[in-house]
Amino acid sequence: MRIVFPDSSSKEFEAGTTGLEIASDISRGLAKQALLVRFNGRLLDLEEPLEEDGNLEILTFQEDEGRDALRHSCAHLMAGAVQKLFPGTILGIGPSIEDGFYYDMQIPDFPGISAFEAISAEMERQVKEDIPFIRIEMDCDEAVELFRSRGEDYKLELLEEIRDKGEVISVYRHGDFVDLCRGPHVPSTGYLRHFRLLSTAGAYWRGDENNPMLTRIYGTVFDTAKHLQQHLDMLEEARKRDHRKLGPELGLFAMGGDGGPGLAYWLPAGTVVREELEDLWKKAHVKAGYQLVRTPHIAPVELWKTSGHNDYYRENMYFLEVDKGEYALKPMNCPGHIIIYKNSRRSYRELPIRLAELGVVYRYEKSGVLHGLMRVRGFTVDDGHIFCSEDQIVDEIKGVVRFALYFLRIFDFGYRIELSMMDRENTGKYAGIPDEWEKVEAALGRALEDMGEEYTPVPGEAVFYGPKIDIKLRDALGRYWQGPTIQFDFNIPQRFNLTYVGDDGREHRVYMVHRALFGSVERFIGNLIEHYAGNLPGWLAPRQAVILPITESQLGRAEEIGRIVSEAGLRNYVDGRSETVGYRIREAETGKVPYMLIVGEREAASGEVSLRVHGEGDRGTMPLEEALEIVMAGCRRPELPE
RNA sequence: GCCGAUGUAGCUCAGCUGGUAGAGCAACUGAUUCGUAAUCAGUAGGUCCGCGGUUCAAAUCCGCGCAUCGGCUCCA
């Protein structure tokens, strides 16, 4: 048979040769790295005999498929170890995931993470034994028989669903362990040397709250000890950057305790950060043609009935009684902005109308989902609503995308754009008419294409009221976060009968776009803290410079410098405590103050300072003006857009 | 809300099988006047998350709450 390789070279092999043998034929190194193959588009085990001509790709840990196979195999290894140590364990599912794998199991008397040591030891033993993973194909009835005899009720449930598809059933066995599995797998447990069990959690069978909860064990596995270590280091780095630790440590905000769960209290230093950020936001919005507005925190429940929130968002809302009438705390800003839109009769000449507000909203979130600043019960949406006519849509969308990217660039975030569209199979659940959707989805796509931005269309991901563009931001550790979102709304303009008078003198339905660039100011600051590991850019730093007299004799000069620095518009303080210079420098470093101006006897006499930059170290002695230039440049506020 | 873990001084943590709470850092006071990431000494600081129970005796054992963390679910 003739085998064609990805570089389109080809070679003749005897029929029945396996992928592994072919890899060995190419090079020893490749044979060692090979985990599985793609043959004529199908993923196969390395030891599967190839019987016909075809295109062959040998996959290693470098490829997604290789990582998946390794991780999925390790999930089997782990589940096998658990079943051995905890007889009576029933298997759920155990897929590979980004960065690792998990397995959901019903484990009798599972003691929690204290069992990790024993499970790992058993896994290691099986790695040493180098037990082969064996693929066995059978028909559905045989498989049912097999799993029934093993008491694997969940597998039986899965089999009933596969049955209809009429596919060949495959199971994989290693030692005593058997699992229903499409494969492919790596050849043997010996490939799984570099694993680590990470955490355990509860997970509902098939993700359904009404089903029993299984024990999920997370782990990861890599091809080399080095890669495993790098990953563990990355997790450690993420842990160190955790905004829930850094935020309170740097005096930015306080949460929990008497303040109530899911509510952030901004300390003076954190408030400086917010004010700077919000100040830039406001100025940039005014420049981008938005009008700033303000709306109250509570509104009569009738408003929420009109908007529909009272029906479909009720379980997330807080209600209160006012003069025997019912009010609700606002979970969103849009109805408020609509009241402003409707305050006067709108003409096509006014459009587009762009309203923006840093609006504080309150949403009831289940206690288990709260997470630092990322998921809270009260937060500030940097909300904006654009009211426009149909022919303005593309330009408006472009404007918002450009505006969103302006903010991401300021903070050196990477990004990825997703376009969420309706599910064409199920148009009934959406507001508006399918034709309008098509039109707007096309307009959103066109706007992105015109701008030269790549995006991933995600059919079926749209919310019921309209298609949307989501920009995920990528931080310094390569993690993705919810970023700017631009959502079309076919529903609300209709509910509130939002119109404008066209040049034909008739009323037209206005198009409406919701957009948020930070999403939530709180969450965005949480992202910034983790992205910068707490070392915020100079313009956001709560304390931009500290002036350190070496001894008490320079205290007067230090205070004089402090005044000069303040006049230059920089936030600074003098640390003249009777501690050693080393101590005070250390404190400024750990407090992440970007600049230190040190003045000793020599500098005081010559009008100089010694400049030290956070994270960089001593920059030497220089005239005060020169140092001030450097500090001012490092603390300069970003340019406004355009 | 659900599963699991955790909760001791402002922070990080010790406290063995029940016998009545400790360290380092921080804070405060004093001394020290110092040249680029921790000067020395002293003082003070605790409802051992809360409530209830078992016990002669509970930080420790049991129950119920609460909060936090890891997930699940949810996410207009």
Side-chain angles (χ1 to χ4, degrees), chain A residues 92 97 102 104 106-107 110-115 198-218 239 242 244-245 248-249 251 254-262 304 307-317 331-335 361 363-372 374-375 381 431 462-466 468 482 485 487 489 491-492 514 516 519 548-555 576-591 596-603 610-621:
Chain A
I97 52 173
Y102 68 79
D104 286 348
Q106 188 175 304
I107 311 174
F110 186 63
I113 40 169
S114 59
L198 294 172
S199 60
T200 169
Y204 300 109
W205 167 239
R206 323 215 71 181
D208 185 337
E209 199 159 6
N210 302 310
N211 284 336
M213 182 162 281
L214 307 179
T215 300
R216 172 172 297 183
I217 300 177
Y218 283 94
R239 204 180 58 78
D242 194 326
R244 291 168 302 183
K245 186 170 140 65
E249 236 170 60
M255 292 192 82
D258 297 336
W304 305 106
S307 71
H309 291 94
N310 190 59
D311 296 327
Y312 49 73
Y313 204 58
R314 192 180 177 83
E315 69 259 25
N316 285 296
M317 292 168 66
M332 291 182 201
N333 297 303
C334 20
V361 299
R363 299 181 186 175
Y364 172 74
E365 300 281 2
K366 290 178 182 176
S367 61
V369 306
L370 300 174
H371 180 92
M374 306 305 193
R375 196 72 184 270
V381 181
V463 278
F464 84 85
Y465 54 82
K468 60 173 180 170
Q482 176 65 48
T485 167
Q487 314 194 346
D489 198 326
N491 184 45
I492 269 207
H514 310 256
L548 296 171
I550 300 262
T551 75
E552 224 170 282
S553 337
Q554 292 90 43
L555 189 55
R577 292 174 301 165
S578 75
E579 300 285 351
T580 61
V581 189
Y583 180 87
R584 286 174 287 153
I585 286 175
R586 179 186 155 79
E587 207 165 74
E589 290 282 357
T590 56
M596 289 166 234
L597 302 177
I598 300 165
V599 50
E601 202 177 337
R602 292 196 302 273
E603 291 86 353
S610 166
L611 176 68
R612 187 188 165 95
V613 181
H614 171 61
E616 246 178 71
D618 191 3
R619 288 274 288 267
T621 301

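When reading the values below, keep in mind they use all heavy atoms of this one structure, side chains included, and skip hydrogens, waters and symmetry mates. Every chain is numbered from 1, with letters handed out A, B, ... down the list of sequences.
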request  = Take atom P in B/A9 and the same atom in B/C3, then report the distance between them in whole Å.
outcome  = 28 Å
remark   = Taking for A/Gly262 and for A/Glu552 the nucleotide of RNA chain B with the nearest heavy atom, the one nearer the 5' end belongs to A/Glu552
note = Winner on side-chain proximity to A/Glu589, out of B/G1, B/A37, B/G71, is B/A37
key: Close side-chain approach of A/Ser578 and A/Arg584, heavy atoms under 4.5 Å   = no
inquiry  = It should be established whether A/His614 places a side-chain nitrogen or oxygen under 4.0 Å from OP1 or OP2 of nucleotide B/A37.
reply    = no
inquiry  = With rounding to the closest Å, how many angstrom separate the C1' atoms on B/U17 and B/C75?
reply    = 48 Å
note = Winner on side-chain proximity to A/Ile585, out of B/C72, B/C3, B/A37, is B/A37
key: Closest listed nucleotide, where the reference is the side chain of A/Ala201 and the choices are B/A26, B/A31, B/G70   = B/G70
message = How about CD on A/Glu601, more than 12 heavy atoms from neighbouring residues, nucleotides or ligands closer than 6.0 Å, or not?
response = no
note = Taking B/G70, B/C72, B/A38 as options, the one with an atom nearest any side-chain atom of A/Tyr218 is B/C72
key: Inter-nucleotide C1' distance (B/G71, B/C28), Å rounded   = 43 Å
inquiry  = If you compare every side-chain N and O of A/Arg239 against the phosphate oxygens of B/C69 (OP1, OP2), does one of them come in below 4.0 Å?
reply    = no
task = Verify the contact: side-chain N or O of A/Arg244 to OP1 or OP2 of B/G70, cut-off strictly under 4.0 Å; return yes or no.
result = yes
ask   = Can a salt bridge be assigned to the pair A/Asp104 and A/Arg216 using a cut-off of 4.0 Å between side-chain N and carboxylate O?
value = yes
ask   = Within the structure shown, what part of the strands sits under 4.0 Å from A/Gly600 by heavy-atom distance: base, sugar-phosphate, or nothing?
value = base
key: Euclidean distance, atom CD of residue A/Glu616 to atom C1' of B/A37 [Å, nearest integer]   = 15 Å
task = Taking only the side-chain heavy atoms of A/Pro261 (C-beta and beyond), determine which of B/G1, B/G35, B/U68 contains the nearest atom.
result = B/U68
ask   = Can you tell me how far C1' in B/U55 sits from the matching atom in B/G19, rounded to whole Å?
value = 12 Å
Beyond-backbone contact of A/Ile598 with A/Ile550, side-chain heavy atoms, under 4.5 angstrom = yes
message = What's the closest nucleotide to the side chain of A/Tyr583 if the choices are B/C2, B/U73, B/A26?
response = B/A26
ask   = Between B/U73, B/C34, B/A26, which nucleotide gets closest to the side-chain atoms of A/Ser578?
value = B/C34
query = Nearest of B/A37, B/G1, B/G70 to any side-chain atom of A/Tyr204?
reply = B/G1
query = Any Lys/Arg nitrogen of A/Arg577 or A/Glu587 sitting under 4.0 Å from an Asp/Glu carboxylate oxygen of the other?
reply = yes
Closest listed nucleotide, where the reference is the side chain of A/Glu603 and the choices are B/G70, B/G35, B/U33 = B/G35
task = State which of B/U68, B/C34, B/C72 makes the closest approach to the side chain of A/Val581.
result = B/C34
task = Output yes when at least one side-chain N/O atom of A/Thr580 is less than 4.0 Å from OP1 or OP2 of B/U39, else no.
result = yes
